[in-house]
Visitor: 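Below you'll find the structure I mean.
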Amino acid sequence: MLQSDKKNCFIELGKFLAQFEANGSCRNDAVLYNDLFFDDFEALIHLSQSHNGWYTPEQVYFAVQSWAQALTEQNLNQWLSKYDLSLAKPKTVGLILAGNIPLVGFHDLLSVLVTGQKALVKTSSSDQKLLPFLAKYLVAVCPDLQNDITFVDGKLENFDAVIATGSNNTARYFEYYFKDKPSIIRKSRNSVAVLDGSESKEQLVALGEDIFRYFGLGCRNVSKLFIPKGYNFDLFFNGMFPHQDIIKYEKYANNYDYNKAVFLMSNFKLLDNEFLTIKEDSGYASPISSVFYEFYDDLSQVRSKLENDRDQIQCIVSNGLIENSVAFGQTQKPALWDYADNVDTIQFLTGL
């Protein structure tokens, strides 16, 4: 199957996904195979919360729209243009996927297929429905992909390389188990924001999107703030206020009540707005419904710390204060070339 044909398969998938929006899905009669897939996918989006309580329709629609915007001809061409895909040799690549946010493993599947490899996929128990559905749509559009995508329930066997995503604990297991295979092993990471007090209310509202999207469960969610001494927290909380409805989700509210109680029983000093607590802490991985913060005297200190801790950090949000930082509100809209852990998946796959 020609690479151009595979690319066109994903362009068609992008057109299919573009129909589904939280404020009302709209069927486009020009989209291929809508008669077979449109109604079922709309139903699956609304059933996803029964499979995983964090996968509310709002969050799934957001993930779907993010991929619809990514899977355009222009984006695919820009992404793949710097690679010589003819270098890739047909291999079977095992994919062990996370399930913390909807479709979090789709980029790995896309990367394997566009490089001409076969994907042997083990989904997370938290996300077992969405990706197989999209794979069925891809096969309907491009039947030649039928033998290139295999989903497995048990142990991965008969593969040449592996891409595995998990916690720091599971990463140690992966590193041992796959020590004889070419691999990308991803561990836990968190994202941070660096503020200096000059941020506009609009930027801080957008920062709330970086904090609360997917209930804070993604590695690209901001879980830590670096702020100057004397920072006016009213600015921050005014930006968070438009996101207050998040407390209406029972699972989030339960986590907020529990984590706040744990902090208070431990006599930690907290700032609280009744749906988010912030706590001074040197760590990066704050619990759900909480954000850590750390004061700084000079931005050079922050830059040095972030460089030293780069293996713990997925992305950095700032108003240009840190080189290569992400704009406010954009952490959950990565481009195709924004690789997890900054490891170039296509380069890895073409080098097998």
Side-chain angles (χ1 to χ4, degrees), residues 3 6 10 63 66-67 70 76 79-80 82-127 131 134-135 148-152 154-191 217-221 284-285 309-316 324 326 331-332 334-352:
Q3 295 297 337
K6 287 186 177 179
F10 287 99
S66 295
W67 277 110
L76 287 163
W79 176 38
L80 299 174
K82 73 172 187 175
Y83 304 101
D84 184 354
L85 297 182
S86 66
L87 297 175
K89 301 173 184 178
K91 302 284 186 179
T92 298
V93 181
L95 300 178
I96 300 177
L97 306 182
N100 49 322
I101 66 175
L103 294 173
V104 68
F106 182 78
H107 193 279
D108 288 337
L109 177 65
L110 167 63
S111 299
V112 169
L113 295 178
V114 297
T115 54
Q117 321 282 12
K118 295 180 184 293
L120 188 65
V121 186
K122 185 174 179 60
T123 60
S124 166
S125 59
S126 301
D127 189 3
L131 192 63
L134 299 192
D148 292 346
I149 310 172
T150 302
F151 289 90
V152 297
K155 182 180 177 182
L156 283 183
E157 295 180 322
N158 302 317
F159 57 93
D160 303 300
V162 67
I163 301 174
T165 304
S167 66
N168 291 339
N169 287 332
T170 56
R172 286 191 285 271
Y173 165 77
F174 291 152
E175 288 168 348
Y176 173 78
Y177 188 75
F178 301 122
K179 62 182 182 295
D180 298 324
K181 300 284 187 181
S183 64
I184 294 175
I185 307 297
R186 302 196 187 104
K187 303 177 182 179
S188 298
R189 290 200 180 210
N190 297 95
S191 295
L217 291 167
C219 63
R220 298 181 67 88
N221 284 104
Y284 290 107
D309 295 344
R310 62 185 180 274
D311 290 343
Q312 300 178 55
I313 297 169
Q314 192 64 256
C315 55
I316 301 167
N324 297 322
V326 179
T331 61
Q332 297 299 346
L336 293 171
W337 46 90
D338 290 330
Y339 293 106
D341 297 9
N342 295 314
V343 178
D344 190 323
T345 315
I346 300 295
Q347 188 175 65
F348 168 76
L349 292 167
T350 54
L352 293 176

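The structure displayed is predicted, hence computed values, not measured ones.
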Visitor: So how far is it from L336 CG to L80 CG, rounded to the nearest 0.5 Å?
Guide: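 Answer for the CG-CG pair, L336 versus L80, is 8.0 Å.
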Visitor: Side chains of K187 and T170, heavy atoms from C-beta outward: is any pair under 4.5 Å?
Guide: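 No, their side chains stay 4.5 Å or more apart.
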Visitor: Give, for atom CD of Q314 and atom CD1 of I316, the distance between the pair rounded to the nearest 0.5 Å.
Guide: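 That separation rounds to 10.5 Å.
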Visitor: Going by distance alone, is a donor N or O of one side chain under 3.5 Å from an acceptor N or O of the other, for T331 and R220?
Guide: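 No pair is found: no donor N or O on one side chain lies under 3.5 Å from an acceptor on the other.
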Visitor: Taking all non-hydrogen atoms of both residues into account, name the closest pair between L131 and V121 and its distance.
Guide: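 Here L131 and V121 meet closest at CD2-CG1, 4.3 Å.
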Visitor: Would you check if the distance from the ring center of W79 to the ring center of H107 is below 6.0 Å?
Guide: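 Distance test on ring centres: under 6.0 Å, yes.
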Visitor: Does a side-chain heavy-atom distance below 4.5 Å link I185 with T165?
Guide: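 No, side chains not in contact.
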Visitor: Dump the intermediate steps for side chain to side chain contact (heavy atoms under 4.5 Å, CB included) on D344 and K82, then the final yes or no.
Guide: CA-CA 12 Å; D344 190 323; K82 73 172 187 175; 3.9 Å; yes
Visitor: Search all heavy atoms of L109 against all heavy atoms of A119 and return the closest pair with its distance.
Guide: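 Reported closest heavy-atom pair: CD1-CB, 3.6 Å.
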Visitor: What is the distance from atom CD1 of I184 to atom OG of S111, rounded to the nearest 0.5 Å?
Guide: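 Reported to 0.5 Å precision, the distance equals 8.5 Å.
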Visitor: Shortest non-hydrogen contact from V104 to A98?
Guide: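 Taking V104 first and A98 second, the nearest heavy atoms are CG1-O, 3.2 Å.
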Visitor: Run the side-chain hydrogen bond (donor to acceptor under 3.5 Å, both in side chains) test against Y284 and tell me which residues pass, sequence neighbours left out.
Guide: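 So Y284 forms a side-chain hydrogen bond (donor to acceptor under 3.5 Å, both in side chains) with D309.
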Visitor: Under 4.0 Å between a side-chain nitrogen and a carboxylate oxygen: does that hold for R186 and D108?
Guide: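 Salt bridge present between R186 and D108.
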Visitor: ring-ring contact (aromatic ring centres under 6.0 Å, His included), that's the test. Do F178 and F159 meet it? Break it down for me.
Guide: CA-CA 11 Å; F178 301 122; F159 57 93; 5.8 Å; yes
Visitor: Could you verify whether a donor N or O on one side chain and an acceptor N or O on the other, from S167 and N169, lie under 3.5 Å apart?
Guide: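 No donor-acceptor contact under 3.5 Å links the two side chains.
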Visitor: Before you tell me yes or no, could you show the steps for L134 and F10 under side chain to side chain contact (heavy atoms under 4.5 Å, CB included), namely the whole-Å CA-CA distance, both residues' side-chain angles and the distance that decides it to 0.1 Å?
Guide: CA-CA 10 Å; L134 299 192; F10 287 99; over 6 Å; no
Visitor: Shortest non-hydrogen contact from Q117 to V93?
Guide: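 Looks like CB-CG2, 4.1 Å.
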Visitor: Determine, stepwise, if the pair R310 / R189 fulfils side chain to side chain contact (heavy atoms under 4.5 Å, CB included).
Guide: CA-CA 9 Å; R310 62 185 180 274; R189 290 200 180 210; 5.8 Å; no
Visitor: Do L95 and K122 have side-chain heavy atoms sitting under 4.5 Å apart?
Guide: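 No, their side chains stay 4.5 Å or more apart.
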Visitor: Between CD1 of I96 and CZ of F174, what distance do you get to the nearest 0.5 Å?
Guide: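 Output value for this atom pair is 4.5 Å.
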Visitor: If you take the centroid of each ring, where Trp contributes its six-membered ring, are Y339 and F348 closer together than 6.0 Å?
Guide: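 Centroid separation for F348 and Y339: 6.0 Å or greater.
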Visitor: For D160 and K118, what are the C-alpha separation, side-chain angles and deciding distance, and is it a salt bridge (charged side-chain N to carboxylate O under 4.0 Å, His left out)?
Guide: CA-CA 10 Å; D160 303 300; K118 295 180 184 293; over 6 Å; no
Visitor: Do L113 and I149 come within less than 4.5 Å of each other through their side chains, counting heavy atoms only?
Guide: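 Yes. Closest side-chain heavy atoms under 4.5 Å.
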Visitor: Taking all heavy atoms of C315 and all of V326, pick out the closest pair and write down the distance.
Guide: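 Heavy-atom minimum between the residues: CB-CG2, 4.1 Å.
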Visitor: Can you see which heavy atom on N158 is nearest to which on T92, and at what distance?
Guide: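 So the minimum-distance heavy-atom pair works out to O-CG2, 3.8 Å.
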Visitor: Check whether the side chains of N190 and Q312 place a donor and an acceptor atom closer than 3.5 Å, and report yes or no.
Guide: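 No.
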Visitor: Output, in order, the C-alpha distance, side-chain angles, deciding distance and verdict of side chain to side chain contact (heavy atoms under 4.5 Å, CB included) for T345 and V112.
Guide: CA-CA 9 Å; T345 315; V112 169; over 6 Å; no
